[in-house]
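Computed from a predicted model, the values in this text were never measured in an experiment.
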Amino acid sequence: MPVRNEVSWTALVSGYLKCGKVDEGMEVFGRNPFRDVFSWTAVISGLLGSGMGLRAMGVFKEMLGCGVLPNNVTFVSVVRGLRLNKPEMARRVFERMGKKDVISWTAILDMYVEMGDMEEARRVFNDMPERNEVSWSAMISRYSQKGNSVEAIKLFRQMIENGISPNSSCFSSAINALANLKALYTGKNIHAHVTKIGMASDVFISSSLVDLYGSCGYCTDARLVFDTIQNKNVVCWNTMISAYSSNDQLDEAKKLFDQITMKSIGSWNSLVTGYLGNEQYDKVFEVFNDMLLSGQTPDISTFSSVLCACASLTSLGKGKGIHGKTFKLGLQRDVFVGTALVDMYAKSGDIESSKRAFSKMPEKNEVSWTAMIQGLAENGHAEESLETFEEMERTTSIKPNELILLAILFACSHCGLVNKGLHYFNSMESLYNIKPNERHYTCAVDMLSRAGRVSEAEKLMMSMPCEPEVNAWAALLSGCKTYGEDEIAERTAAKIQELAEKKSGGYVLLSNVYASAGKWPEVMKTRKLMKERGLKKTGGCSWIEVRNEFHLFYSQDATHIDLIEIYGVLELLKSDMLVRFQQKVDIGSLVNRMI
DNA sequence: GTAGGGTTAG
């Protein structure tokens, strides 16, 4: 029998643990006559690698109980095991370490990075007596992931200035940051550089390059890089799918998706997001169903996309079904999912459920508050919308964004709080550093017009730095009508007429004005005029959901498969109404209202 | 013989 020394015992223990054979590894460790620090450490890190953090910590205690002193490597492993649950304890262990090398410093740095505490991470980073490429890359990658791409690039530059050669991880993180910034030119420079030093074939670097070209709208270049990758992993496939998805090439995306043999959750999500971005909501649900059938469990990203599709279709039934699924997986309170739920319920008109979802979220971000404030305003709960906004200002450090201010103006306008609304409108730039856009102006014009301050509304229209929206003209005109401001009405009508000659929006407005007055022949005339002059109007579309299927009806293009039958039913309804109400019904206007 | 970092989807 060969004699085993302490080195071979440790190698054996570690070998078993690394391939997941925990019981065998522990059994060998139990028989090991040389239980030195190496072998204990092998067990601790092996257990951690198998996801048995608690057991690993138990072994650490046992080791201390046996009087074996931990070394640098043991500390790094222990910190790795403690960092997520007990960061303070990990820090204490680190403080007590005799000799701290660059790896242990990086381990503690990474702990803060992992926790998302970039301030503390930066402090550790600055205090480190020595940094290597791993310490740099931990910082660079997290800055980039956290959306602080500028800082990531700054560090990357600083690193090169400090004479450290970036490894593949640093390059991929830096390219990732450049992709976020859509800095194609600099990205291309790095591409040339990594090609020159023979690192372009690295799968991490090339995946980032695929992302860079995709993010900048260059799918062909992204594909060129993708095709050169030798050992493609699932992430680079997903990145390429996203590149196609985000550039409206869904057919290519789907083709690639079908070629992946081992699909990950990211593969499904890339496709779902693509269809969502392309407003192909039926496909979103189709892929979601296929995903469930394939046995893949949806995650936060999937749910927020699918809920967003429900919101866009205002499909309360479907949305509730998805809500149930998030509940089963315990994801309903997550900040992304919760926000999507708030938005879905609000857009579908179920404001009570929306409020409930919002109140149950333990963490809320800017988007969550925006969804709630906007939802309340658009559902006619103007005062509550303003209260929620004030609560946000009082309890959080979130700065109001364009959309929140729009909702606030909308709310003020609808509760008749003209002065308050105007105060917000006038202080947008000075207080919140947001330049009012045409939509904000429309709200302000609407506010003034509704309150009878029509001439002020007109003045505001004239002073706009951007072109007024059609709705603003409509608001002004309706103010004139309500308050009998004939002079302004005349000027406004002339202006609209003038606009109508120039662009399609004017004609749409004109036809809408006629429609609201019930002057159908004029509406038809205007539309005909538009057609003759080659002006296009986005066709109006409405839909209903029947037994899980969506039926779409376009205002100008009657293409529904059961069109003849539908018209038949309408005829029946018409004659029924004629009998019941003894009244003439114009089938044309009836159809117009229904479709 | 024991240890640290990275690419996609919201």
A/Lys232 side chain near B/dT7 phosphate (N/O to OP1/OP2, under 4.0 Å)
no
Could you check whether A/Asn233 gets within reach of a base, just the sugar-phosphate, or nothing at all, counting any heavy atom under 4.0 Å?
base
With a cut-off of less than 4.0 Å, is there a side-chain N or O of A/Gln145 near OP1 or OP2 of B/dT8?
no
Nucleotide nearest A/Val73 (side chain, heavy atoms from C-beta), chosen from B/dG10, B/dT2, B/dT7
B/dT2
Tell me if the CZ atom of A/Arg439 is crowded by more than 12 foreign heavy atoms within 6.0 Å.
no
What does A/Lys18 touch in the nucleic acid at a heavy-atom separation under 4.0 angstrom: a base, only the sugar-phosphate, or nothing?
sugar-phosphate
Would you mind telling me which of B/dT7, B/dA3, B/dG10 lies closest to the side-chain atoms of A/Val235?
B/dT7
For atom CZ of A/Phe29 and atom C1' of B/dG1, their distance in whole Å
13 Å
A/Glu6 atom CD is separated from B/dG1 atom C1', nearest whole Å, by 9 Å
Minimum-distance nucleotide (side-chain atoms of A/Arg80 versus B/dA3, B/dG1, B/dG6)
B/dA3
Which heavy atom of A/Leu307 sits nearest to which heavy atom of A/Val337, and what is that distance?
CD1-O, 4.0 Å
Kindly write out the residues that satisfy side chain to side chain donor-acceptor pair (under 3.5 Å) with A/Asn148, not counting sequence neighbours, or none if the list is empty.
none
Reckon A/Glu133 touches a base, only the sugar-phosphate, or nothing at all at heavy-atom distances under 4.0 Å?
nothing
Go through the N and O atoms of the side chain of A/Ser301 and the base of B/dG10, and report whether any donor-acceptor pair is under 3.5 Å.
no
When you measure from the side chain of A/Ile103, which nucleotide among B/dG6, B/dA3, B/dG10 comes out closest?
B/dA3
Give the nucleotide from the list B/dG1, B/dA3, B/dT2 with an atom nearest to the side chain of A/Asp36.
B/dG1
Report the C-alpha distance between A/Asn278 and A/Lys283 in whole Å, list the side-chain angles of each, state the deciding distance to 0.1 Å, and finish with yes or no for side chain to side chain contact (heavy atoms under 4.5 Å, CB included).
CA-CA 10 Å; A/Asn278 263 259; A/Lys283 290 281 185 188; over 6 Å; no
Nearest-neighbour nucleotide for the A/Ser14 side chain, B/dT2, B/dG6, B/dA9 considered
B/dT2
Parallel, tilted or perpendicular: ring planes of A/Phe171 versus A/His193, cut at 30 and 60 degrees:
tilted
Choose from B/dA9, B/dA3, B/dG10 the nucleotide whose nearest atom is closest to any side-chain atom of A/Asp101.
B/dA3
Rounded distance in Å - CD1 (A/Ile140) to P (B/dT7):
12 Å
Out of B/dT7, B/dA3, B/dG1, which has the shortest distance to the side chain of A/Asn176?
B/dT7
When you check the phosphate oxygens OP1 and OP2 of B/dT7, does a side-chain N or O of A/Thr239 lie under 4.0 Å from one of them?
no
Heavy atoms from C-beta onward define the side chain here; which of B/dT2, B/dG6, B/dG10 lies closest to that of A/Ser304?
B/dG10
As a test of reading the structure: which of B/dG1, B/dT2, B/dT7 is closest to the side chain of A/Ala11, going by heavy atoms?
B/dG1
